[in-house]
Amino acid sequence: MKDFTVILKSLWHSKTSPLLLVLQIAVTFTIFVNAVYMVMQKHEKVTAPSGVNEQQVFSLFINLQETGEARVAEFEQAVRDIKSLDSVDNAIPVTSVPLSGFGRSVDIGYGPADEDKLTSSGYYGSNYDSLDTLGLQLVAGQWFERSDVSHSFFGARSGGKVLISKALAQTLHPDNWREVLGKTLYVHNEPQQVIGVVDDLKAVWSFWRLFDHAVLSPTFEVRDKVGIMVKAQAGTLDQAILDVKDLLLMTPGRQIDKLKPFTQTREESYRTDVAELQTLQLVLVGLLILTMLAIFGQARFAILKRRKQIGTRRALGANQFQVLRYYMLENFIVTLIGVVLGMICAVLVNTQLVSYFGLMPVPADYLTAGAVIILLAGQCAVFQPAWQAARVSPALATRSV
Amino acid sequence: MLSYYFKLAWLSLRKTPLLSVLMVSTIALGIAAAMVTYTVSYMMTKDPLPEKSDRVFTVQLSSWGPDQPYLMVDGQEEIPAMVSYRDARSLKAAAKAKQETAIGLFKIMSRAEEQNRRDAQMRMIRTTHNDFFSMFQVPFLYGNAWSEQDDSSGNPVVVITKALNDELFGGANSVGRHIVMGESLMQIVGVMDDWFPIPRFYYLSSQAYQDPEALFVPLEYQINQQIFSHNDVTWSCWQDVEDVDFSVFIASDCIWLFYWAELESAEDRADYMDFINAYVDEQKSTGRFARENLSRLFTIDDYLRWAEVLSNENDMAVWLAFAFLLACLLNCMSLMMTKFYGKGSEIGLRRAVGASRNDICWQFLCEAFLIGILGGVLGLIFAQLGLQLIQQIFTYLNVTVMQMDLNIMLMTLILSVVTSVLFGLWPIYRAAQIQPSSQLKSL
């Protein structure tokens with residue numbers, strides 16, 4: 001610990017360059033910690049499960065050419081035809097495809113008026129088979145009856161039944177989400193009885209604050225353009241896509257749009273997030289390299305300047321290990337001051353980010369982990385110059401005296 | 001003398017390889033980061049039609065209904081960017097501009113005639129007039145734009161992009177062959193060469209960085225065929241047009257087309273505006289255009305700024321990258337200090353044998369210059385790698401956005417040299433202050 005006071009004194013003596021380094025480390029730490037946290041959050045977001053059986057499902061939109069009740073029959077026949085294909089396991093009509101970016105949000109509340117609105121949610125209308133086709137997990141209550149299924153031009157009818165996602169149930173009843181079962185919920189100002197809760201069902205916009213909120217109604221919508229989601233037999237996804245296309249195109253005037261596997265829908269949905277994630281990672285690597293270069297150069301400078309001083313120390317009996325330890329410790333102290341300053345800045349910057357961009361506050365773990373990483377990086381960078389210093393021969397001091 | 005200094009500088013760099021590599025790579029890293037972001041920002045915001053930017057205009061009309069404004073922005077009434085078919089047809093018929101075109105869009109299944117039904121793909125189809133191609137300087141690989149006759153009769157003709165030609169016809173000259181669009185047979189009259197105007201200014205701002213649609217057909221063809229993809233294109237009406245007939249929709253004030261005009265010269269702008277105002281007055285007299293006349297002409301730049309395609313958001317990343325460069329340069333500066341300090345004895349010797357401070361300065365300026373050049377070259381290489389990486393990341397942006405042109409490459413080198421010399425000045429000054437006597441003792 002004798003070194004410690006000596007180092008502090010010598011740092012105090014030549015303030016400029018250590019100060020520059022301290023500032024650089026502080027800035028790096030600030031950016032580093034905030035960026036790492038954003039990376040982690042983004043990473044979590046883009047790898048989160050969608051709740052849908054992603055490997056087996058694909059979706060498409062088709063046009064319906066009939067009008068009135070004949071149109072309902074045309075739609076039901078199309079879904080039946082698709083289900084009867086060998087490569088297809090199940091198929092459902094949908095009002096929109098999860099994560100696709102095109103769909104609907106509805107107001108949610110326990111009353112019909114605007115002021116009863118509690119939150120918002122994504123909305124899907126489908127039929128009885130959606131549990132199996134999408135591979136949803138029913139965690140409470142029960143599934144629809146076949147007789148619950150109906151059709152409409154837009155939205156669910158008054159007095160129907162709905163299932164909701166667990167996240168929506170938790171928003172409505174934070175203490176015990178199961179309380180939502182059996183309640184009458186106003187979905188888009190229409191009363192609906194909640195009969196069950198599914199574990200994971202997302203809305204269509206991955207960037208939406210309420211992305212986890214979803215309502216599923218057994219009401220499929222029959223318009224001139226309609227959506228279908230298909231579950232292929234295990235391992236036959238590509239074949240099923242071709243089969244479905246062949247089948248549908250046997251009808252003259254049939255148009256098929258947005259035919260894609262769910263994995264692609266998911267990929268497109270997170271495209272910007274993935275791009276941002278990768279850019280952030282690049283920035284982090286660049287920053288870390290720069291800081292290590294700076295520490296490395298700084299240490300070399302300091303040691304070059306003090307070659308004679310080191311030689312003297314060696315001549316006076318300091319062994320190589322002591323010299324090495326001296327410079328490693330010096331770097332540790334400088335980096336630590338930088339990190340402490342950086343922590344203050346990081347927290348300040350983060351509170352700004354939280355209030356301006358609605359980001360989450362950085363947890364303390366990240367600050368500690370960031371500090372350890374920067375300190376380690378500093379020690380790695382300083383090791384080679386310190387080792388060089390240790391090898392300075394004692395004769396160097398005697399020569400020039 | 002300079003060549004001698006450069007030789008000295010080169011020797012000096014060789015003598016401390018590690019420090020030299022550090023200095024050069026720090027500068028290279030900063031330069032690369034700065035130039036990658038600058039390239040993307042510059043390419044994304046450059047003028048897509050430089051020869052004509054002052055005489056090509058999009059026409060916006062105050063055609064909205066009497067009940068309420070189209071949009072209020074900060075308490076000001078805002079008019080729509082699009083026009084109705086009715087107005088587009090009138091403007092086109094008046095033919096007051098040198099060239100002019102309406103631009104619309106629809107969606108339909110399409111395939112090459114030779115292809116199987118099931119190979120048909122849903123594609124967006126651009127509808128426009130033949131002036132589009134000459135006005136926006138679209139290069140042709142095979143064939144040409146369609147004729148005036150095709151325009152006015154709405155003939156089933158189509159111009160396709162090189163990418164689609166490659167996909168459907170393996171890159172062969174497909175002029176005269178056919179594309180099936182819906183149930184109709186369209187004759188190919190032209191194949192476009194590579195053409196990626198960035199930003200893609202001529203239609204919706206939200207699509208400014210997407211590639212052009214693969215198929216172009218005459219607007220009148222869409223009208224004749226009564227196709228309107230109301231689920232897939234942007235349109236807006238102030239009247240209620242739920243479930244109306246196509247002919248009623250087309251005759252209504254519903255907006256769904258962009259209208260662009262090219263004038264003989266920028267001076268004709270006022271005359272053309274007079275014509276637009278006269279047109280609005282005329283329409284008012286027939287009971288249309290009930291609102292105050294806020295109609296206007298936007299140049300490409302005006303439009304992109306108004307639509308916030310060109311915003312300051314891109315600058316933010318550039319500023320950050322240049323801050324990173326600054327950090328790199330400061331770092332390099334302290335390395336140079338190290339370097340020149342280490343050469344104290346050499347400087348002392350040179351001074352003692354008669355070199356002036358000036359000579360010392362020149363010698364180290366040459367060294368800083370050399371570091372700058374090396375850093376610039378390495379930075380260029382890093383930047384190319386960086387741009388490659390960014391291309392992998394932003395696959396949905398056109399790659400031409402992420403390519404350096406010759407000017408930017410030159411700028412990279414110049415920036416590198418200028419900044420390293422600039423940041424070398426202080427270390428050089430310090431080096432030149434070294435007294436001849438101070439270091440001699442220790443030799």
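Residue numbers begin at 1 in each chain, while the letters A, B, ... track the order of the sequences.
Ile108(B) touches chain A through backbone and side chain together, each having a heavy atom under 4.5 Å away. The contact between Asp232(B) and chain A is made entirely by side chain atoms (from C-beta outward), counting heavy-atom distances below 4.5 Å. Using a 4.5 Å cut-off between heavy atoms, Asn63(A) makes no contact with chain B at all. The contact between Leu282(A) and chain B is made entirely by side chain atoms (from C-beta outward), counting heavy-atom distances below 4.5 Å. The part of Arg254(A) that comes within reach of chain B is its backbone (N, CA, C, O), which places non-hydrogen atoms under 4.5 angstrom from that chain.
The neighbour count for Trp387(A) CH2, taken as heavy atoms of other residues, nucleotides or ligands under 6.0 Å away, does not exceed 12. Surrounding CZ of Phe246(B) are more than 12 heavy atoms belonging to other residues, nucleotides or ligands, all under 6.0 Å away. In this structure, Tyr429(B) places its OH atom where only 12 or fewer heavy-atom neighbours from other residues, nucleotides or ligands lie under 6.0 Å away.
Among Leu248(A), Ile289(A), Leu242(A), the residue making the largest number of heavy-atom pairs under 4.5 Å with chain B is Leu242(A). Residue with the most contacts toward chain B among Arg271(A), Lys225(A), Arg223(A): Arg271(A) (heavy-atom pairs, distance under 4.5 Å).
Here the closest non-hydrogen pair linking Leu249(A) and Arg117(B) is CD1-O, 3.2 Å. Nearest heavy atoms, Ile256(A) versus Met109(B): O-SD, 3.1 Å.
The side chain to side chain contact (heavy atoms under 4.5 Å, CB included) test applied to Val226(A) returns Ile62(A), Leu64(A), Phe75(A), not counting sequence neighbours.
Once rounded to the nearest 0.5 Å, the distance linking CZ of Arg118(B) with CG of Leu247(A) reads 12.0 Å.
Scanning residues 120-127 of chain B against chain A with a 4.5 Å heavy-atom cutoff picks out Ala120(B), Gln121(B), Met122(B), ordered by number.
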Worked check of side-chain contact (heavy atoms from CB on, under 4.5 Å) between Asn231(B) and Asp257(A)
CA-CA 11 Å; Asn231(B) 282 324; Asp257(A) 195 11; over 6 Å; no
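With respect to Ile393(B), the side-chain contact (heavy atoms from CB on, under 4.5 Å) criterion is satisfied by exactly one of Thr279(A), Leu277(A), Val274(A): Thr279(A).
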